[in-house]
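Down below is the structure, laid out as structure tokens.
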Amino acid sequence: MSAQAQMRALLDQLMGTSRDGDTTRQRIKFNDERVCKSHLLNCCPHDILSGTRMDLGECLKVHDLALRADYEIASKQQDFFFELDAMDHLQSFIADCDRRTDIAKKRLADTQEEISAEVAVKAEQVHELNEEIGKLLAKAELLGAEGNVEESQKVMDEVEKTRVGKREAEEIYRNSMPASSFQQQKLRVCEVCSAYLGLHDNDRRLADHFGGKLHLGFIEIREKLDELKRLVAEKQEKRNQDRLKRREERDREEREKLKRRSKSRERRRHRSRSSSKDRRRRTRSKSREKRPRHRSRSGSRSRSHSHHHSRDRSRDRSSRTKSSTDKERPSKDRSPRDQSRERERRHKKRSYDSSNGKSEGRSSEELEAGEK
């Protein structure tokens, strides 16, 4: 890549697609389905393993550093949850790599000479020590390249100790099997990148493998996959909690709506009752306004009636007074007509007394006394 192309890529990575107003590049957005979400998260295997013996070639989806810059800017404001797509992509890739590792192991088991279980365990110990030496050498070279000489020297001291252990393990392994069999190269499949490792590989070969771009690239991919699994689990948990909170808020809002509706119904009922009461009051007031005229008429009638009744009573009293004076007046001063009336009255009284059980003698005496 030329210096100009590198500079352009660096500007794209820093400023995004809008840095030069290129409308052609702005037609596609980072959230388009054609864009590789693993590339946006800087974990696409096509980028990581580029230039190795397992170079995957160009990715089928769009890779653009400017789109990655756009995504990094937009992700600060919104969570697009692209980690799930990237996790699915890496899981598929690692599963394919693990299948190739199993196939390689079966092929070695079919081609290499059978050894006993005890010898296999000893050979495995040698392989593990070889792997540890290779990792330490790769680490020491990296620290030296970074200028950390002291740490690099400490790692080299650990390498020397591990080499002593390896020589002891190789001696045990050599004594446990025939010399002809020991001279044969015993291969082993790397569990990380599925590459073949020899039992008798030297330190340089081990350092090149464990410090190489292929092995470190697979380590990066596997570590990135573990990180994506953790992030996806956390975000899914957060989403579930947010969904639960929203559901609780909706339920609370529904309950509040029901309460408001019930209160409004109660208010309408209260208003209807109060309005009916007001109508009844108005009806009563109107009837009361109409009543005084009838009452005045009835009152005048009652007053006239009472006046007539009082006059009748006064007449009755006067008649009774006159009758009592008539009683007290002697019979000789009465007219014959009054005397006849008196006799009739006495007769009626006598008949009334006889019916009540009074003696006839008394009645006759009274009659005689009246005649006198």
Side-chain angles (χ1 to χ4, degrees), residues 1-52 54-100 192-193 213-214 216-251 253:
M1 182 182 293
S2 64
Q4 185 177 1
Q6 291 178 355
M7 183 63 67
R8 184 178 180 86
L10 180 61
L11 290 175
D12 289 341
Q13 187 174 0
L14 293 175
M15 301 179 65
T17 57
S18 61
R19 67 175 182 86
D20 54 359
D22 190 350
T23 57
T24 304
R25 297 180 66 189
Q26 291 180 15
R27 290 176 184 173
I28 185 170
K29 302 297 182 180
F30 66 88
N31 55 357
D32 194 287
E33 293 182 355
R34 295 171 292 177
V35 178
C36 179
K37 304 305 184 291
S38 300
H39 171 72
L40 297 179
L41 294 170
N42 196 21
C43 62
C44 182
H46 294 267
D47 293 336
I48 296 174
L49 300 179
S50 177
T52 66
M54 289 186 63
D55 193 333
L56 301 174
E58 187 177 355
C59 184
L60 298 177
K61 293 190 175 183
V62 177
H63 282 209
D64 193 341
L65 295 177
L67 294 177
R68 181 189 295 175
D70 292 344
Y71 165 72
E72 291 175 353
I73 295 172
S75 62
K76 296 177 181 179
Q77 305 295 330
Q78 180 182 353
D79 186 7
F80 296 94
F81 207 54
F82 288 162
E83 290 82 1
L84 182 61
D85 296 332
M87 183 187 72
D88 293 339
H89 184 198
L90 296 188
Q91 277 183 332
S92 177
F93 175 76
I94 292 298
D96 188 28
C97 181
D98 291 339
R99 282 194 295 271
R100 289 199 302 270
V192 176
C193 61
K213 188 176 180 180
L214 178 64
L216 294 178
F218 270 95
I219 290 177
E220 182 181 354
I221 293 172
R222 292 179 183 274
E223 290 178 350
K224 192 65 177 180
L225 177 59
D226 294 337
E227 182 182 356
L228 289 175
K229 288 180 179 179
R230 180 182 58 81
L231 288 174
V232 168
E234 291 178 356
K235 291 188 175 183
Q236 285 180 344
E237 181 66 21
K238 184 178 179 181
R239 284 193 171 188
N240 293 333
Q241 292 178 357
D242 294 340
R243 192 180 297 112
L244 182 61
K245 288 181 181 179
R246 289 194 297 269
R247 187 181 302 169
E248 291 176 355
E249 290 177 358
R250 286 197 300 268
D251 294 340
E253 290 176 357

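We use all heavy atoms of the structure for the numbers below, so side chains are in, but hydrogens, waters and symmetry mates are not.
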So, do [X] and [Y] sit near enough that their side-chain heavy atoms are less than 4.5 Å apart?
X: L65; Y: R68; answer: yes
X: D32; Y: V62; answer: no
X: R250; Y: R247; answer: yes
X: K238; Y: E234; answer: no
X: F93; Y: L49; answer: yes
X: K37; Y: K61; answer: no
X: Q236; Y: F81; answer: yes

If I take atom [atom1] from residue [X] and atom [atom2] from residue [Y], how far apart are they, to the nearest 0.5 angstrom?
X: F30; Y: F82; atom1: CZ; atom2: CZ; value: 6.0 Å
X: L90; Y: C43; atom1: CG; atom2: SG; value: 4.5 Å
X: L40; Y: D70; atom1: CG; atom2: CG; value: 9.5 Å
X: L84; Y: L231; atom1: CG; atom2: CG; value: 11.5 Å
X: M54; Y: F218; atom1: CE; atom2: CZ; value: 3.5 Å
X: L41; Y: E72; atom1: CG; atom2: CD; value: 9.0 Å

Can a salt bridge be assigned to the pair [X] and [Y] using a cut-off of 4.0 Å between side-chain N and carboxylate O?
X: R99; Y: D96; result: yes
X: K224; Y: E220; result: no
X: K213; Y: D55; result: no

For L244, is the CG atom crowded, meaning more than 12 foreign heavy atoms sit under 6.0 Å from it?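 More than 12 heavy atoms, drawn from other residues, nucleotides or ligands, come within 6.0 Å of this atom.
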
Does atom NZ of K235 have more than 12 heavy-atom neighbours from other groups under 6.0 Å away?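 Yes, the 6.0 Å shell around NZ holds more than 12 heavy atoms from other groups.
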
Nearest heavy-atom pair of [X] and [Y]: which atoms, and what distance?
X: H46; Y: G57; value: ND1-O, 3.1 Å
X: I28; Y: L67; value: O-CD2, 3.7 Å
X: S38; Y: A86; value: OG-CA, 3.5 Å

Give the intermediate values and the outcome of side-chain contact (heavy atoms from CB on, under 4.5 Å) for residues K229 and Q91. CA-CA 10 Å; K229 288 180 179 179; Q91 277 183 332; 3.3 Å; yes

Any donor-acceptor pair under 3.5 Å linking the side chain of [X] with the backbone of [Y]?
X: S92; Y: H89; value: no
X: K29; Y: V35; value: no
X: H39; Y: D64; value: yes

